[in-house]
Number of protein chains: 4
Amino acid sequence: MLNGYTLPRTPKGNSSLAPSPPWHYVGTCLAVEYEADPGAVASFLPPGLEFNSSNCAAYFAEWQYASESGEEYLDPVRSQYHETIFLISASYEGTPCGYCPFIWVDQDVSLMRGLIQGWPKQIGSTWITRSYDLPSKAAPSAGPGGRFGATLAVKDRRLVEAVVTLREETRQPPNPTFAGAVLMRYFPELVAARHDHPAVHELVRLKSRDVRISPIWKGDATLRIFDNPYLELPALRPTRVAAGYRFSCALTVDDLVFLRNLRE
Amino acid sequence: MLNGYTLPRTPKGNSSLAPSPPWHYVGTCLAVEYEADPGAVASFLPPGLEFNSSNCAAYFAEWQYASESGEEYLDPVRSQYHETIFLISASYEGTPCGYCPFIWVDQDVSLMRGLIQGWPKQIGSTWITRSYDLPSKAAPSAGPGGRFGATLAVKDRRLVEAVVTLREETRQPPNPTFAGAVLMRYFPELVAARHDHPAVHELVRLKSRDVRISPIWKGDATLRIFDNPYLELPALRPTRVAAGYRFSCALTVDDLVFLRNLRE
Amino acid sequence: MLNGYTLPRTPKGNSSLAPSPPWHYVGTCLAVEYEADPGAVASFLPPGLEFNSSNCAAYFAEWQYASESGEEYLDPVRSQYHETIFLISASYEGTPCGYCPFIWVDQDVSLMRGLIQGWPKQIGSTWITRSYDLPSKAAPSAGPGGRFGATLAVKDRRLVEAVVTLREETRQPPNPTFAGAVLMRYFPELVAARHDHPAVHELVRLKSRDVRISPIWKGDATLRIFDNPYLELPALRPTRVAAGYRFSCALTVDDLVFLRNLRE
Amino acid sequence: MLNGYTLPRTPKGNSSLAPSPPWHYVGTCLAVEYEADPGAVASFLPPGLEFNSSNCAAYFAEWQYASESGEEYLDPVRSQYHETIFLISASYEGTPCGYCPFIWVDQDVSLMRGLIQGWPKQIGSTWITRSYDLPSKAAPSAGPGGRFGATLAVKDRRLVEAVVTLREETRQPPNPTFAGAVLMRYFPELVAARHDHPAVHELVRLKSRDVRISPIWKGDATLRIFDNPYLELPALRPTRVAAGYRFSCALTVDDLVFLRNLRE
């Protein structure tokens, strides 16, 4: 009998790319809140979501992960990854929510967990400035005036650059937030004549527990999205940048809310 | 309206990780035919497949890929990838076939195309000796006595090493072959209490067209599979190595044969 | 006129792999203090250094770097890197010091700066557990009982694994320390018959300024060095592991102490 | 006693990043011959070289390497690498030669061998279209009309893109050629007040033996060099593209010609 939460399924079930939930995460995020062209935002929404506003957010995060039984963080190539998330505003049945048109990570385990949740993950290279508890010309302070950068490259092309300058603490996280975001699970068919009839096509809402958030720092930000011959992200380029943020968060995922089947 | 064969689905449909089929491939393979413990082979077979023999094969390939409209090979970071495939013997309704318990690639586009076909792809680092049309101490000749190596590392650990010494041409490709292999498509649910009830769980048979094979070289081989704390591949370690092979092949994929639903 | 502190030298001097010092660093280190075979330790010492003891240390660090004028940390792919350092004990003219037989980094800029200082740098893949200021099953606490792992892989082979369990704060850094270590600068000739007559072959002592050290945590440790067909590091395998450490440090480098010319 | 051609020097001398010459190479090159601004070309020449013409060439190569005793190509992560080379025209004591202002490779072993020869190597990501002996939509033919691409990215930014369309065979290799190129060896001092007084600063001429060249294909080409905030390569951007080339070559290196000491 084969076991395992994902492929590859094996006799002992130890080899699955992603193990069974729960999945525990902790990470540090740099975020930029901004507005994009409203028509562009609307054009990226799937059936079932309505346009809510032109507010968008870009998150850059470095995560550490562990499964329930495992101590993946002791062999950290199995645990650590970087992520760039874009969220746009939407509403589902009248309730505002975030929706993710693009996301990049740098580990296959994270990519697989993401696909299962409806994150449209691809592999990309994200780098984020770190802060340390020692004064140094090699790092910003994690307080007023501290400047943090983040970059994303995809297939050997720089796609995004952000700089956030911290000003003050706030109680308000960036908006849209990835907590409770609506995503689209999608798994296609390859059988001829079924290429447009996916096996899985559904709206879902993210669910997490044991969420903890550090104090949130807010400040000024810049965000550049570069032209790209293949990726449509530049359509969501900023028309106005609202603010930058930096904070840490921890959360656990072992559930998802099914919203709506989008298969015909 | 959103378009695209896979996530991310976008207004223009240009940004999907994998574009719509057909997918065209050409590559050079090094292969090792070997026997493993029969009980181990049987233990890796999914429901619907029966044990046929203890014959296995490891393939190491460097591929170049293009979609129908695209010329991905002109921006080769979008096109080229390395792959290590393990195949074990099985039979489906009395007909012998290969089945893939493990496979590793080094590009996300290939990983996504693979999951759709039922290949249990993970990210790994494969290296394969090349031959050139010039005499050099830096390369083997692609003929009698030429020695070719291949290695696989996963998450910073060496997992497989092979060396093939060419002896003579043959008309017989290695067995089991990946043409017509039976695979398992599997896409899990994350909704609580549904973790063991996948959305997709089915047996499929690979289908390709416009297959072209170069002359096939055959010879001696060694194959080492190293201990690994997480991956069950060492259970399929060689008890006897039969032969090594080297050849190129080209093929096009735009179809798949549905065999059996494995959902309860 | 060409300018720049290292190759490539260019009209503006902006393109050198390593810019002119000073070089500012800040990073977090995991370290393991251990003993190796005394004969092995002695066999790795260059002329001018005498055997002092069998004490060794392995350091795993994630660094962020900036040049004097630059803000490399805002484009962090230019600034951040991981490092694994091995130090053995020695004495120079009767004064104890560390000496570095092996070191691996994951960025070319760091490799070049290292060669100039006499660090025998190669490219390797180092991963180190992180701690966060939030409770999570995905990270250890940076206090008593917190367990941190580190791994090194070189050319797709796992070479080193360490785990450190923190117990208590200490004022004593690991020994040998990289502060004041003696290194060997070496730059060979390629002109035929001069292969054994290097252009540069000298003992130097590291010098740094503005050094700041965080509180130092000490505890238990394990350290494994795996067999390797090419690298002689396993000769320096632990015979006894003394302790593990975790701390951050910041420093600036713009000088070096010349000790002795080793050219014939 | 310590042994080894480069750091790290060890008791057995097996661990040096680059082993003792001879070094054997075989690879396939895509090249673009072009003209740049004459003033820019002149501004990149070191003392001892005079301006000859505005002819430049960009080479993109995938190499396989072996040392004299070794069979590195059987563990190909130790042997294979990609390279992008820029050459500008110069003359030394009245004789035309190429000079290399910029070069990128993707392996540390190659970087070290390069520094010793005077190649100003940095780490970069080069991708080059491959041809196969089978007809496929996934690869160009290695003959008339075959289109080959090459790209270079450095620190997560695309820097160069080229496309070569083959037209006909030629006996004339691209000009300037890397055979006999003049390079600058340079190894700085870090001792304070000596930062501008390098330990090694000399003009040398490349020397190779057992050179073999495949038939050379020539055709049309495009070459784009993208803006970059740090690298001065865009100053050598094409004002006119002359031709594209594709060929393989094999060579052995174990010597170098000393031309002139540039230390004051």
Side-chain angles (χ1 to χ4, degrees), chain C residues 1-2 5-12 14-15 17-18 20-21 40 43-47 75 77-78 100-103 107-109 111-112 115-123 155-156 184-192 195 199-200 204 229-233 235 253-258, chain D residues 1-2 5-12 14-15 17-18 20-21 40 43-47 75 77-78 100-103 107-109 111-112 115-123 155-156 184-192 195 199-200 204 229-233 235 253-258:
Chain C
M1 198 182 103
L2 299 185
Y5 181 63
T6 69
L7 294 178
R9 285 172 55 87
T10 54
K12 293 184 184 165
N14 293 339
S15 304
L17 183 46
S20 286
S43 74
F44 275 88
L45 296 177
D75 191 356
V77 67
R78 303 178 65 223
C100 177
F102 288 107
I103 181 171
Q107 287 274 17
D108 57 355
V109 182
L111 190 147
M112 176 59 92
L115 294 176
I116 295 166
Q117 295 173 82
W119 292 107
K121 286 190 178 179
Q122 305 185 65
I123 297 289
K155 301 256 177 280
D156 275 11
M184 181 171 60
R185 279 166 45 98
Y186 194 93
F187 194 74
E189 292 285 4
L190 180 56
V191 172
H195 296 177
V200 177
V204 294
Y230 313 113
L231 294 166
E232 293 166 59
L233 180 65
V253 170
D254 54 8
D255 199 357
L256 192 69
V257 181
F258 173 83
Chain D
M1 201 181 102
L2 298 184
Y5 181 64
T6 69
L7 293 180
R9 284 171 56 85
T10 54
K12 294 185 183 162
N14 294 339
S15 304
L17 183 46
S20 286
S43 73
F44 275 87
L45 296 177
D75 190 356
V77 65
R78 301 177 66 222
C100 177
F102 288 107
I103 182 171
Q107 288 274 19
D108 57 355
V109 182
L111 190 147
M112 175 60 90
L115 294 176
I116 293 166
Q117 294 172 84
W119 292 107
K121 286 191 180 179
Q122 306 185 65
I123 297 289
K155 301 253 176 284
D156 275 10
M184 181 171 59
R185 279 166 47 97
Y186 194 92
F187 194 73
E189 293 284 4
L190 180 57
V191 172
H195 296 177
V200 177
V204 295
Y230 314 113
L231 294 166
E232 293 166 60
L233 180 66
V253 170
D254 55 7
D255 199 358
L256 192 70
V257 182
F258 173 84

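For the numbers below, each heavy atom of this structure counts, side chains included, while hydrogens, waters and symmetry mates do not. Chain naming here is simple, since letters A, B, ... match the order of the sequence lines and numbering starts at 1 in each.
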Against chain D, label [X] side chain, backbone, both or neither, depending on which of its atoms sit under 4.5 Å from a heavy atom there.
X: Leu45(C); answer: backbone
X: Leu2(C); answer: side chain
X: Leu111(C); answer: side chain
X: Met184(C); answer: both
X: Glu189(C); answer: both
X: Pro46(C); answer: both
X: Val191(C); answer: both

Which bit of Ser20(D) comes within less than 4.5 Å of chain C, counting heavy atoms only: side chain, backbone, both or neither?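 Nothing of Ser20(D), per the 4.5 Å heavy-atom cut-off to chain C.
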
Interchain contact, Pro11(D) with chain C, by part (heavy-atom threshold 4.5 Å):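 Interface part for Pro11(D): both.
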
What pairs with Asp156(D) under salt bridge (charged side-chain N to carboxylate O under 4.0 Å, His left out), at least two apart in sequence or on another chain?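 Per chain and number, Asp156(D) pairs via salt bridge (charged side-chain N to carboxylate O under 4.0 Å, His left out) with no residue.
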
Which is it for Tyr230(D) and Asp75(C) under the side-chain contact (heavy atoms from CB on, under 4.5 Å) test, yes or no, and what are the steps along the way? CA-CA 11 Å; Tyr230(D) 314 113; Asp75(C) 191 356; 3.1 Å; yes

Nearest atoms (heavy-atom pairs only) where [X] meets [Y]:
X: Leu7(D); Y: Gly118(C); answer: CD1-O, 4.1 Å
X: Pro101(D); Y: Pro120(D); answer: O-CG, 3.8 Å
X: Glu232(C); Y: Lys12(D); answer: OE1-N, 2.9 Å
X: Phe102(C); Y: Thr10(D); answer: CZ-CG2, 3.6 Å

Which one, Ser43(D), Ala192(D), Ala18(D), Pro188(D), leads in non-hydrogen pairs under 4.5 Å with chain C?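 The candidate making the most pairs under 4.5 Å is Pro188(D).
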
I need the residue from Gln107(D), His195(D), Arg78(D) with the largest number of non-hydrogen atom pairs under 4.5 Å to chain C.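 The option with the most such pairs is Arg78(D).
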
Identify which of [options] forms the greatest number of heavy-atom pairs closer than 4.5 Å to chain D.
options: Leu256(C), Ile103(C), Val204(C); result: Leu256(C)
options: Ala40(C), Cys100(C), Pro21(C), Pro229(C); result: Pro21(C)
options: Arg185(C), Met112(C), Met1(C); result: Arg185(C)
options: Gln117(C), Lys121(C), Arg9(C); result: Arg9(C)

For the side-chain contact (heavy atoms from CB on, under 4.5 Å) test, which of Val257(D), Val253(D), Asp255(D) pairs with Leu190(C)?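 Checked Val257(D), Val253(D), Asp255(D) against Leu190(C); only one passes side-chain contact (heavy atoms from CB on, under 4.5 Å): Val253(D).
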
Strictly distance-based, threshold 3.5 Å: is any side-chain N or O of Asp108(C) a donor or acceptor partner for the main-chain N or O of Gln122(D)?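 It does not hold such a pair.
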
Counting distance only, does the side-chain N/O of Thr6(D) pair as donor-acceptor with the main-chain N or O of Leu17(D) below 3.5 Å?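 At least one qualifying donor-acceptor pair exists.
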
Checking Tyr5(C) now: which residues fulfil side chain to side chain donor-acceptor pair (under 3.5 Å) with it, not counting sequence neighbours?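 If we apply the side chain to side chain donor-acceptor pair (under 3.5 Å) test to Tyr5(C), skipping adjacent residues, there are no hits.
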
